[in-house]
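Notes to accompany the following structure.
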Amino acid sequence: MDKNRVSADQLALMYLLIIAGGKFLSLPSILAADVGHDSWLAMCFSFLWDGVCLAFLLWAIKLNSKANMDMSAILDKSVTKVVTKIILLIFFVIFALRTNILLTSCYHMFSVTFDVSTNWIVYVLPVAAVGFFVIQKGFNALARASQLFFGLILIAVIALLVSPLMEVEFSELLPIGEAGWGKILETSFTRSFWFSDYLFMFFVMDGIKVKKHVYAPVFIAFGVGVVLTVLLNAVFVALFGSYAPSFDMAMSKIGVFSAASTLNGRWDWLTLSIWLISVFIKIVTFIYCEYKCLEKLIDKNFANVNWVLAIIITLTLMLPMLVSTETLLSTVIAWGLIPFTVVQYLLPLLMPLFTKVALNKTEVKHE
């Protein structure tokens with residue numbers, strides 16, 4: 001258990017990197033296709049729902065700080081083992097889909113932006129190996145890696161955002177709400193799959209060292225992540241206007257508008273490469289959560305990496321070889337919107353109640 005324990009500060013740093021590690025790729029163009037220059041508003045509403053659910057989840061984590069029960073134990077005691085396994089299965093599907101979409105986006109970025117092409121299997125296997133190495137070493141190893149790279153990644157993100165600001169005409173974002181507030185709210189719901197980055201906390205809630213403060217550091221990280229993400233989206237749609245839906249790699253496109261890069265050559269390749277570390281931290285985190293889902297589904301806690309589970313996860317990473325990302329987004333994710341929403345938004349709201357029920361049952365049993 002010790003190797004999986006993380007402090008509230010480590011949790012906050014990881015959360016910020018995970019927020020910044022996925023929403024700077026294809027999401028801005030997808031939102032632009034949905035609601036045009038009002039995409040930043042849809043993003044704000046999605047983050048608002050995230051903030052509410054995060055507060056409830058942190059409440060549950062604080063209630064659980066002494067008992068240190070894992071999510072599966074809490075749900076077993078409060079909603080029965082059958083419901084727990086259904087929830088774990090939904091979690092597994094969410095993490096598997098998110099992992100594949102992130103990997104696909106990075107693959108396209110390497111081939112288009114960096115002009116590097118490789119075989120999908122050769123590309124995926126090293127990433128999977130890193131994920132299994134983290135599982136073997138414990139979640140704390142990933143948290144420490146996040147601490148190590150945090151400063152560089154944050155500087156890289158800020159540099160990528162600041163460089164094109166002199167070229168941005170924010171009047172392109174007017175009039176606000178042109179797409180219609182109903183459409184904006186609907187988009188914030190239908191694209192909710194891309195949000196709820198706090199989900200990984202469910203799988204480390206028994207290992208979070210809660211002392212006095214847990215809300216402050218995590219919400220500060222959340223606030224910084226929201227500002228950076230919304231600002232990037234606003235810059236992107238203001239720069240490209242009606243062409244924004246055509247560019248599926250937002251982060252790699254905004255750097256070309258820097259006057260400095262035009263005069264002195266592009267330097268954003270370095271900062272872009274540094275930022276990609278956060279994407280792979282997010283991918284590895286999701287692989288870790290997938291593995292924990294499988295462990296809980298079969299009611300086993302392995303001391304070392306179980307290679308049967310590792311092979312199952314590796315096979316799920318081959319999904320893009322069979323189904324395109326567009327198909328995943330248009331069919332699988334759309335079909336799973338309701339069950340995904342239950343786990344993403346309803347479960348965090350109910351988690352404090354479930355934790356109290358589990359704690360009460362544990363106390364009665366001890367008595």
Which atom of A143 lies closest to which atom of V6, heavy atoms considered: CB-CG1, 3.6 Å

Taking all heavy atoms of S278 and all of A20, pick out the closest pair and write down the distance.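 Scanning both residues completely, I find the closest heavy atoms to be OG-O, 4.0 Å.
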
Listed partners of [X] passing side chain to side chain contact (heavy atoms under 4.5 Å, CB included), at least two apart:
| X | answer |
| --- | --- |
| L54 | Y15, L58, Y198, M201, V218, F219, F222 |
| M321 | W120, I121, M318 |
| A67 | N64, M69, L359 |
| V284 | V130, V134, L142 |

Under the side-chain hydrogen bond (donor to acceptor under 3.5 Å, both in side chains) rule, collect the residues that match up with [X], sequence neighbours excluded.
| X | answer |
| --- | --- |
| T84 | D76 |
| D299 | K85 |
| T327 | S324 |
| N306 | none |

Answer yes if L160 and I158 sit in the same cluster of Ile, Leu, Val, Met, Phe, Trp and Tyr residues linked by side chain heavy atoms under 4.5 Å apart, and no otherwise. yes

Among Ile, Leu, Val, Met, Phe, Trp and Tyr joined by side-chain contacts under 4.5 Å, find the other residues sharing a cluster with V227 and list them by chain and number.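 Answer for V227: none, a lone residue.
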
With side chain to side chain contact (heavy atoms under 4.5 Å, CB included) as the test, would you mind laying out the steps for W40 and I176 before giving the verdict? CA-CA 10 Å; W40 68 276; I176 294 175; 4.3 Å; yes

With sequence neighbours left out, what residues match D70 under salt bridge (charged side-chain N to carboxylate O under 4.0 Å, His left out)? K296

Enumerate the salt bridge (charged side-chain N to carboxylate O under 4.0 Å, His left out) contacts for residues 15-34, please, sequence neighbours excluded, ordered by first and then second residue.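 Found K23-D197, D34-R191.
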
Starting at CG of L16, measure out to CD1 of I220 and round the result to the nearest 0.5 Å. 11.0 Å

Which residue pairs pass the ring pair (Phe, Tyr, Trp, His ring centres under 6.0 Å) test when at least one of the two sits in residues 138-186, sequence neighbours left out?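 Residue pairs with at least one partner in residues 138-186: F139-Y288.
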
Aromatic plane relationship, F45 with W49 - under 30° parallel, 30 to 60° tilted, over 60° perpendicular: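 Taking F45 first and then W49, their aromatic rings lie parallel (interplane angle under 30°).
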
